[in-house]
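Heads up, the thing below is written out as structure tokens.
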Amino acid sequence: MASTRKYEITTITKQHYGHTLFRIRALRSFNDVKEGSTGGWIEKESNLDQDGSCWIYDDAKVYDDARITGSAIINKSAEVFESARVSQNAEVSGHAMIYGDAKVNGRAFISGDARMYGHAEASQMVIINDSAQIHGSATISGAAQIYGNAEVGEQAQVSGTTRIYGNAQIYGKAKIKGAVLVRGNVKACGDSIVDGYVVLDGDLYV
């Protein structure tokens, strides 16, 4: 019976912050990955599932106890490490870093210099880009977009078609949902709830 393994770990290595990483090579063709082509870097086989069409491209790195499953894609110079999970149809690109116990799933797209860490989770059709930071136990869902230098942390929840950018900060147990636009130096915290078609701008404190 033919092996169902989709990749092997090659003998090509690199050192990365005290970790020995190995280049991967495809054992069969799937999606846009051709049999025999090389991919990105992992520390051990548990970093990248042999099932599904998940793949690590380019110079992307996955190490520690991080795990990539489903149809998830890690590419360019992105890094996923510690105990982070990227699954389903999610994509992590650019110089983005996902670490801690962070989870990225659904069709979430994380790119640029974005950082996700702690117990944060991004799901559904979320886009997180530029230098945005998501941390704590924050959850980003729906079709929300977080970019610029925006920060979402602690137990904050962002959902709907909300867009948060500039230097905005959302933390505490704040809930931003609906079609809210948050920009400038806005700070939303505590138990504040913002819903509907609302624009928050300037130096506003909510």
Side-chain angles (χ1 to χ4, degrees), residues 1-117 120-134 140-147:
M1 184 174 179
S3 172
T4 58
R5 292 167 56 84
K6 69 182 178 190
Y7 75 90
E8 64 181 355
I9 296 175
T10 70
T11 57
I12 304 169
T13 65
K14 70 163 25 177
Q15 295 298 311
H16 185 69
Y17 295 111
H19 297 268
T20 301
L21 305 184
F22 300 84
R23 179 78 80 177
I24 57 174
R25 179 185 293 117
L27 294 173
R28 54 183 170 85
S29 298
F30 58 95
N31 290 351
D32 63 344
V33 178
K34 303 300 181 184
E35 180 180 349
S37 64
T38 55
W41 304 88
I42 63 175
E43 187 171 22
K44 51 195 173 186
E45 189 167 322
S46 60
N47 294 142
L48 178 66
D49 203 340
Q50 289 282 2
D51 296 325
S53 57
C54 53
W55 193 243
I56 303 168
Y57 294 81
D58 309 318
D59 198 42
K61 304 169 187 68
V62 180
Y63 52 99
D64 286 329
D65 293 318
R67 186 164 176 80
I68 313 303
T69 61
S71 299
I73 291 172
I74 315 298
N75 59 29
K76 297 187 179 175
S77 298
E79 294 189 30
V80 184
F81 54 101
E82 293 180 348
S83 297
R85 299 287 185 267
V86 183
S87 61
Q88 297 177 355
N89 294 290
E91 180 175 350
V92 181
S93 186
H95 297 282
M97 289 187 178
I98 314 297
Y99 54 102
D101 291 303
K103 295 179 176 63
V104 182
N105 50 58
R107 293 185 177 276
F109 178 64
I110 318 296
S111 62
D113 291 304
R115 301 286 183 267
M116 278 191 64
Y117 53 97
E121 181 171 358
S123 61
Q124 297 176 335
M125 302 292 289
V126 162
I127 296 175
I128 300 172
N129 201 353
D130 298 331
S131 297
Q133 293 198 32
I134 316 298
I140 317 297
S141 61
Q145 297 183 27
I146 318 292
Y147 51 102

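Any value given below was found using the heavy atoms of this structure, including those in side chains, with hydrogens, waters and symmetry copies removed. This chain uses plain numbering: 1 for the first residue, then up along the sequence.
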Show the atom names and distances, to 0.1 Å, of all donor-acceptor pairs under 3.5 Å that link a side chain in residues 30-40 to residues at least two apart or in another chain.
| unit_1 | atom_1 | unit_2 | atom_2 | d |
| --- | --- | --- | --- | --- |
| Asn31 | ND2 | Ser53 | OG | 3.4 |
| Asp32 | OD1 | Tyr57 | OH | 2.5 |
| Ser37 | OG | Lys34 | O | 2.6 |

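- Ile134 places a side-chain heavy atom less than 4.5 Å from the side chain of Ile140.
- In terms of the side chain to side chain donor-acceptor pair (under 3.5 Å) criterion, Ser123 has no residue partners (sequence neighbours excluded).
- Residues forming a ring-ring contact (aromatic ring centres under 6.0 Å, His included) with Phe22 (at least two apart in sequence, or on another chain): none.
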Sequence neighbours left out, cut at 3.5 Å: what donor-acceptor pairs do the side chains of residues 99-106 make with other protein atoms?
| unit_1 | atom_1 | unit_2 | atom_2 | d |
| --- | --- | --- | --- | --- |
| Asn105 | ND2 | Glu121 | OE2 | 3.0 |

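- Tyr7 is listed as a side-chain neighbour of Ile42, based on a closest heavy-atom distance under 4.5 Å.
- Classified by interplanar angle (parallel below 30°, tilted 30° to 60°, perpendicular above 60°), the ring pair His16/Tyr63 is perpendicular.
- For the 3.5 Å distance criterion, the side chains of Glu82 and Tyr117 fail to qualify, holding no donor opposite an acceptor.
- Pairs engaging residues 32-54 under the ring pair (Phe, Tyr, Trp, His ring centres under 6.0 Å) rule: none recorded [sequence neighbours left out].
- Applying the side chain to side chain donor-acceptor pair (under 3.5 Å) rule to Lys44 yields the partners Asp65; only residues at least two apart in sequence or on another chain are considered.
- Among Gln124, Glu91, Gln88, Met125, the one residue that satisfies the side-chain contact (heavy atoms from CB on, under 4.5 Å) test with Arg107 is Met125.
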Q | Met116 vs Ile128, side-chain contact (heavy atoms from CB on, under 4.5 Å): CA-CA, chis, key distance, verdict | A | CA-CA 9 Å; Met116 278 191 64; Ile128 300 172; 4.0 Å; yes
Q: Applying salt bridge (charged side-chain N to carboxylate O under 4.0 Å, His left out), run through Arg67 and Asp49 and close with a yes or a no.
A: CA-CA 7 Å; Arg67 186 164 176 80; Asp49 203 340; 3.7 Å; yes
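- Residues Ile24 and Leu48 form a side-chain contact, since some pair of their non-hydrogen atoms from C-beta on lies under 4.5 Å apart.
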